[in-house]
**Q** 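One structure is given below, represented as structure tokens, and several questions about it will come after.
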Amino acid sequence: MIEGRKILGSIGLGILTIFVIVAVFAPYIAPHDPHQMYRPMEHPSSSHLLGTNDIGNDILSEIVYGTRVSLFIAFVVSVISMLVGTSLGLVAGYFDKVGFLIMRVVDVVLTIPRLPLIIVIASFIRPSIWNLIALFLIFGWTMPARIIRSEVLTLRRRYYIDATKMIGGSDFYILWRHILPNVIPLVVVQFIMEAIHVILAESGLCFLGLGDPVAMSWGMVFHYAFECPIIYVSDVWMWWMLPPGLCIVFTVLGLTFVGYALEETFNPKLKNPFGGMER
Amino acid sequence: MHQISKLAYYFVIVLIILSINFSLPRAMPGDALSYLTDPGADIPVRMTEEKREILLAYYGLDKPLSEQYITYMVGIIRGDLGWSIYYSAPVLEVILGRLKWTLILVGTSTAIYITLGILLGATSAWARGRKRDMGLLISIISISSFPSFFLGILLAIIFGIKLDIFPISGAQTAFATYSSPLEEIFDILHHLVLPAATLVLSHIGGTYFLMRNSMLGVLGEDYIMTARAKGLSERYILHKHALTNALLPIVTMTAMTVGFMIMGTIFVETVFAYPGIGNLLYNAVSYNDYPLLQGIFLFLTIAIVGANFIADMIYIRLDPRVNHE
């Protein structure tokens with residue numbers, strides 16, 4: 001079954017690479033300026049491969065630029081969440097008193113249902129990419145903090161930690177040189193989980209009309225397609241709704257595959273959703 | 001002892017949620033009337049300073065925050081969630097009017113997806129590593145990658161429009177008159193199929209993976225080997241030994257997943273215009289009906305936190321080891 005892991009991991013990595021390339025080189029890949037207006041509601045043709053939307057924007061170009069927005073939000077949120085979550089997790093696992101306080105905050109934030117709170121706050125504040133990122137960050141750091149902490153709790157009982165203490169290693173030195181490298185694999189897996197969550201949650205908020213109307217992410221393209229009254233009664237959905245939807249699906253799928261492959265590589269004993277495949 | 005501290009914990013959570021709900025509109029820039037008087041508003045209202053003060057006093061917004069907070073809390077305890085601007089009715093009344101449909105939807109979907117998840121998870125674990133297992137695994141990972149609204153729309157287009165076998169909006173045929181109650185039930189079920197199917201498909205992953213994992217763990221236990229050594233039939237081992245033991249974690253998880261289900265209804269009810277609370281939330285967002293929005297937020301979060309609380313309690317009952325953590 002080792003082979004299965006490698007194959008899935010490579011497929012996932014391949015999908016993600018394509019999307020990242022599209023995001024980075026969007027201006028060179030997009031056939032048109034996404035803000036340029038052409039004749040609205042045109043069917044796919046050689047000049048507009050996915051047709052145009054209700055205000056005449058080229059849909060393919062919108063989706064290409066949308067890749068940037070969607071991936072950017074997921075990336076920024078996941079990176080900051082992991083930085084904050086890992087630091088707090090390390091501190092919480094190593095120092096008992098501070099750890100107790102941090103974990104109570106984590107408990108509370110994790111118990112409050114994420115989605116309803118994000119929806120209600122998002123509808124009060126003006127939706128913009130940065131506001132969305134800030135909203136996701138409120139919750140993003142908690143899960144890594146909790147997981148890293150429980151790992152640190154076991155790591156710090158190891159003999160080599162005691163040995164380092166005896167030869168006079170400071171707490172910071174131990175955390176930085178001996179504990180952090182050991183939790184990095186967990187952080188990477190958490191990073192992927194958070195990215196999956198943000199991609200799905202952001203598209204969900206956009207679908208409800210709470211996305212940034214200026215920065216067209218995949219979710220926003222989808223939202224405007226859903227709002228269009230003739231979307232069901234004609235074939236328009238095939239080039240306006242299906243492509244951004246599939247982009248979301250494939251990104252999540254790619255991330256899931258990579259996450260699975262990494263998790264199996266780092267820790268074959270770990271109980272992941274695919275656990276036990278190697279038995 | 002443990003149960004009491006849990007109770008206190010959940011009490012604190014509810015207090016925090018109520019406080020967030022109280023402070024959100026007050027933390028926004030400007031005061032309660034600025035959305036009316038703002039020159040950028042749809043229809044800006046001109047107001048003298050005197051008039052402003054009268055209005056603020058009428059709504060009790062001139063009092064100190066602590067006093068407003070107490071009034072708010074007393075109101076919540078009395079079941080007063082405010083007045084919906086769009087529906088022009090008490091928020092609680094509007095929510096309760098929609099509750100029935102959400103309960104029907106969440107109830108049926110939960111029953112189906114838990115059963116299906118258990119069956120598929122057990123099948124997968126039993127055939128681990130073989131084609132059937134891999135097939136199930138890959139299909140369920142793929143289905144779980146779909147945002148629920150996208151899945152719903154695809155189902156609506158395929159089964160509602162192309163094949164035209166299921167209705168795609170509402171919970172009943174509009175303006176229908178039924179000749180018998182049986183006909184009405186059939187109509188309701190007919191409308192329920194697609195939204196329920198969407199919820200089931202987008203949530204089945206959790207139960208499936210949990211059951212598969214749990215079952216794989218059980219299959220590695222010594223008593224399974226003993227049963228095999230005794231010469232019991234594979235079918236007997238599956239039903240009597242493996243399945244019953246592997247089910248334990250599912251029982252405790254069910255209450256927890258109801259919370260996810262409630263969140264899922266927000267999207268699914270919106271796609272299918274199903275007249276439940278999730279769709280109401282979408283309407284509240286689109287019409288900027290803030291009192292209604294906050295009421296639903298409070299209602300949903302407390303329902304979800306309540307479900308988690310029940311899950312915690314069941315867990316303590318079923319597994320005494322949790323007490324001595």
Side-chain angles (χ1 to χ4, degrees), chain A residues 1 4 8 104 107-117 119-125 196 199-210 219 222-223 225-226 231-233 237-238 241-242 244-246 248-257 260 271-279, chain B residues 9-10 12-13 16-17 20-21 24-25 27-28 125 128-129 133-134 137-138 141-142 144-150 153-154 156-157 160-161 168 205 208-210 212-213 215-217 219-220 259 262-263 266-267 270-271 281-282 284-286 288 290 293-294 296-297 300-301 303-305 308:
Chain A
M1 295 316 294
L8 282 188
R104 293 296 77 76
D107 284 344
V108 169
V109 179
L110 278 176
T111 316
I112 296 174
R114 217 173 176 178
L115 191 66
L117 185 61
I119 290 176
V120 81
I121 301 182
S123 42
F124 270 106
I125 56 181
I196 292 175
I199 293 266
L200 287 175
E202 189 266 345
S203 68
L205 282 184
C206 292
F207 177 73
L208 296 177
L210 293 171
F222 196 96
H223 168 72
F226 181 72
I231 198 77
Y232 277 140
V233 292
W237 65 275
M238 281 208 264
M241 211 172 213
L242 208 55
L246 288 179
I248 297 168
V249 173
F250 278 113
T251 312
V252 173
L253 211 55
L255 286 166
T256 313
F257 285 165
Y260 154 69
K271 272 213 170 172
N272 63 65
F274 315 85
M277 259 166 74
E278 318 232 349
R279 275 182 212 215
Chain B
Y9 170 69
Y10 278 99
V12 172
I13 296 280
I16 291 174
I17 291 171
I20 294 174
N21 210 23
L24 256 180
M28 294 301 128
R128 65 186 174 285
D133 178 32
M134 296 311 284
L137 203 60
I138 303 269
I141 294 170
S142 310
S144 306
S145 300
F146 279 74
S148 53
F149 57 87
F150 186 38
I153 288 171
L154 288 183
I157 289 173
I161 292 166
I168 58 162
Y208 166 81
F209 288 127
L210 189 70
R212 187 175 175 279
N213 256 343
M215 186 83 167
L216 282 176
L219 288 178
I262 295 173
M263 292 194 230
I266 298 172
F267 298 109
T270 301
V271 169
L281 177 68
Y282 176 70
V285 170
S286 338
N288 288 331
Y290 290 114
L293 183 64
Q294 286 190 281
I296 300 169
F297 164 70
L300 285 185
T301 34
I304 295 168
V305 169
N308 288 357

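To find a chain, count down the sequence lines: A is the first, B the second, and so on, and within it residues start at 1.
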**Q** I'd like to check B:Ile153 versus A:Trp237 (side-chain heavy atoms, cut-off strictly below 4.5 Å). Are they in contact?
**A**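 Of all side-chain heavy-atom pairs linking A:Trp237 with B:Ile153, none is under 4.5 Å.
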**Q** At what distance, to the nearest 0.5 angstrom, does CE of B:Met134 lie from CG of A:Leu8?
**A**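 It comes to 6.5 Å.
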**Q** Out of curiosity, A:Leu117 CG to B:Thr301 OG1, how far, rounded to the nearest 0.5 Å?
**A**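 Interatomic distance, A:Leu117 CG to B:Thr301 OG1, rounded to 0.5 Å: 8.0 Å.
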**Q** Please find the pair of heavy atoms, one from B:Met263 and one from A:Arg114, that lie closest to each other, and give the distance.
**A** CE-N, 4.5 Å
**Q** Quick one: does B:Tyr282's side chain have a donor or acceptor within less than 3.5 Å of a partner on A:Gly209's backbone?
**A**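 Between the backbone of A:Gly209 and the side chain of B:Tyr282 there is no qualifying donor-acceptor contact (under 3.5 Å).
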**Q** Using heavy-atom distances under 4.5 Å, tell me whether B:Ala156 contacts chain A through its side chain, its backbone, both, or neither.
**A** side chain
**Q** Determine whether A:Pro113 and B:Val305 make a side-chain contact, defined as any pair of heavy atoms from C-beta on separated by less than 4.5 Å.
**A** yes
**Q** Tell me, for B:Tyr208 versus chain A, whether the close heavy atoms (under 4.5 Å) come from the side chain, the backbone, both or neither.
**A** neither
**Q** Pick one of side chain, backbone, both or neither for B:Ile20, based on which atoms fall under 4.5 Å of a heavy atom in chain A.
**A** side chain
**Q** Does some side-chain heavy atom of A:Phe124 sit less than 4.5 Å from a side-chain heavy atom of B:Pro25?
**A**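 SC-SC contact between B:Pro25 and A:Phe124 confirmed.
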**Q** Looking only at heavy atoms, which two atoms of A:Val108 and B:Tyr9 are closest? And how far apart?
**A**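 Of all heavy-atom pairs spanning A:Val108 and B:Tyr9, the closest is N-OH, 3.7 Å.
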**Q** Is any side-chain heavy atom of B:Phe150 closer than 4.5 Å to one of A:Leu242?
**A** yes
**Q** Under a 4.5 Å heavy-atom cut-off, does chain B meet the side chain of A:Phe222, its backbone, both or neither?
**A**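 Side chain of A:Phe222 only, per the 4.5 Å heavy-atom cut-off to chain B.
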**Q** Any donor-acceptor pair under 3.5 Å linking the side chain of B:Tyr290 with the backbone of A:Ser123?
**A** yes
**Q** Heavy-atom distances under 4.5 Å only: say whether B:Leu210 touches chain A with side chain, backbone, both or neither.
**A**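 Neither part.
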**Q** Measuring from A:Leu115:CG to B:Ile262:CD1, what's the distance to the nearest 0.5 Å?
**A** 12.0 Å
**Q** I need the A:Ile248 CD1 to B:Ser145 OG distance, nearest 0.5 Å.
**A**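 Going from CD1 on A:Ile248 over to OG on B:Ser145, the span is 11.5 Å.
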**Q** Output the option from A:Leu208, A:Asp107, A:Ile125 having the highest count of non-hydrogen pairs under 4.5 Å with chain B.
**A** A:Leu208
**Q** What's the separation between atom CG in B:Leu137 and atom OH in A:Tyr260, rounded to the nearest 0.5 Å?
**A**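 Interatomic distance, B:Leu137 CG to A:Tyr260 OH, rounded to 0.5 Å: 7.5 Å.
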**Q** Report which part of B:Ile296 has an atom under 4.5 Å of a heavy atom belonging to chain A: side chain, backbone, both, or neither.
**A** neither
**Q** Below 4.5 Å, heavy atoms only, C-beta onward: do B:Ser144 and A:Thr256 meet side chain to side chain?
**A** no
**Q** What do the steps show when you test A:Val252 against B:Phe146 for side-chain contact (heavy atoms from CB on, under 4.5 Å), and what is the final call?
**A** CA-CA 8 Å; A:Val252 173; B:Phe146 279 74; over 6 Å; no
**Q** Could you pull out the closest heavy-atom pair between B:Ser142 and A:Leu253, with the gap in Å?
**A** CA-CD1, 3.8 Å
**Q** Atom CD1 in B:Ile13, atom OG1 in A:Thr111: separation rounded to 0.5 Å?
**A** 4.0 Å
**Q** Below 4.5 Å from any heavy atom of chain B, which atoms of A:Leu246 appear? Answer side chain, backbone, both or neither.
**A** both
**Q** Please classify the contact of B:Val12 with chain A as side chain, backbone, both or neither, using a heavy-atom distance under 4.5 Å.
**A**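 Interface part for B:Val12: neither.
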**Q** Is the distance between the ring centroids of A:Phe226 and B:Phe149 under 6.0 Å?
**A**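 That pair fails the under 6.0 Å test.
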**Q** Looking at A:Ala122, A:Ser203, A:Gly219, which makes the most heavy-atom pairs under 4.5 Å with chain B?
**A**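 Between A:Ala122, A:Ser203, A:Gly219, the count favours A:Ser203.
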